[in-house]
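Keep in mind that the numbers below use all heavy atoms, side chains included, and drop hydrogens, waters and symmetry copies.
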Amino acid sequence: QVQLVESGGGLVQAGESLRLSCRPSGSIFSIDAMGWYRQVPGKQRELVATITTLGSISNYADSVKGRFTISRENVKNTVYLQMNSLKPEDTAVYYCKANAGGRFFWGQGTQVTVSS
């Protein structure tokens, strides 16, 4: 089974930064795009940022524009999320997602907690 291995979450104060990483493990072919989503317990999972494999075209949720940056490394399809100027409302479990050949795969999630 293909897995997406996430790391980089933690506990920080408002205004500080974190960098999340997502590395695919196992065989996975033709990844078209990857992204980050976040979810608070009891609430709907929401898109944070996505990036395409071809051209590295990115898009962001309005709430994180200007603060978060998504990037990728081509050879291993590793995707990063640089999160600056973190706010308490950014607190959530962050999930990596990969789209490949009409299917999608989810990471296990990594906790980000921002204190005021």
(message) Tell me every residue that passes side-chain hydrogen bond (donor to acceptor under 3.5 Å, both in side chains) with E89, counting only those two or more places apart in sequence or in another chain.
(response) none
(request) Taking side-chain hydrogen bond (donor to acceptor under 3.5 Å, both in side chains) as the test, write out the residues that go with E16, two or more places apart. (result) none
(message) Is there a side-chain contact (heavy atoms from CB on, under 4.5 Å) between V114 and T91? Walk through the geometry before answering.
(response) CA-CA 5 Å; V114 185; T91 295; 3.8 Å; yes
(request) Output all residues satisfying side-chain hydrogen bond (donor to acceptor under 3.5 Å, both in side chains) with E46, sequence neighbours left out; order by chain, then residue number. (result) R38
(request) Any chance you could lay out the side-chain contact (heavy atoms from CB on, under 4.5 Å) test for L86 and F68, step after step, and finish with the verdict? (result) CA-CA 9 Å; L86 283 162; F68 291 10; 3.8 Å; yes
(request) List for me each residue that meets side-chain hydrogen bond (donor to acceptor under 3.5 Å, both in side chains) alongside T113, sequence neighbours excluded, and say none if there are none. (result) Q111
(message) Just to verify, what does K43 make a salt bridge (Lys or Arg N to Asp or Glu O under 4.0 Å) with, not counting sequence neighbours?
(response) none
(message) Run the side chain to side chain contact (heavy atoms under 4.5 Å, CB included) test against S17 and tell me which residues pass, sequence neighbours left out.
(response) Q82, N84
(request) Each residue besides V5 in its hydrophobic cluster should be listed here, by chain and number; the cluster joins Ile, Leu, Val, Met, Phe, Trp and Tyr at side-chain heavy-atom distances under 4.5 Å. (result) none
(request) Search all heavy atoms of P24 against all heavy atoms of M34 and return the closest pair with its distance. (result) CG-CE, 4.1 Å
(request) Give the minimum heavy-atom separation between S116 and A14, together with the two atoms involved. (result) CA-CB, 4.5 Å
(message) How close do V48 and Y94 get, counting heavy atoms only, and between which atoms?
(response) CG2-CE2, 4.1 Å
(request) Under the side-chain contact (heavy atoms from CB on, under 4.5 Å) rule, what do I70 and V79 come out as? Steps first, then yes or no, please. (result) CA-CA 7 Å; I70 189 170; V79 174; 3.7 Å; yes
(request) Give the intermediate values and the outcome of side-chain contact (heavy atoms from CB on, under 4.5 Å) for residues D90 and R67. (result) CA-CA 11 Å; D90 295 317; R67 298 188 299 118; 2.8 Å; yes
(request) Supply the members, apart from V93, of the Ile/Leu/Val/Met/Phe/Trp/Tyr cluster built from side-chain contacts under 4.5 Å; use none for a lone residue. (result) Y37, L47, Y95, F104, W106
(message) Quick check: closest heavy atoms across V112 and L20, and the distance to 0.1 Å?
(response) CG2-CD2, 4.1 Å
(request) Not counting sequence neighbours, list each pair that qualifies as a disulfide bond (SG atoms under 2.5 Å apart) and has a residue in residues 72-116. (result) C22-C96
(message) Under the salt bridge (charged side-chain N to carboxylate O under 4.0 Å, His left out) definition, can you give me all pairs with a residue in residues 72-85, not counting sequence neighbours?
(response) none
(request) Mind checking side chain to side chain contact (heavy atoms under 4.5 Å, CB included) for S7 and listing every partner two or more places apart, or none if nothing turns up? (result) S21
(request) Name all pairs fulfilling the disulfide bond (SG atoms under 2.5 Å apart) condition that reach into residues 34-94, sequence neighbours left out, sorted by first residue then second. (result) none
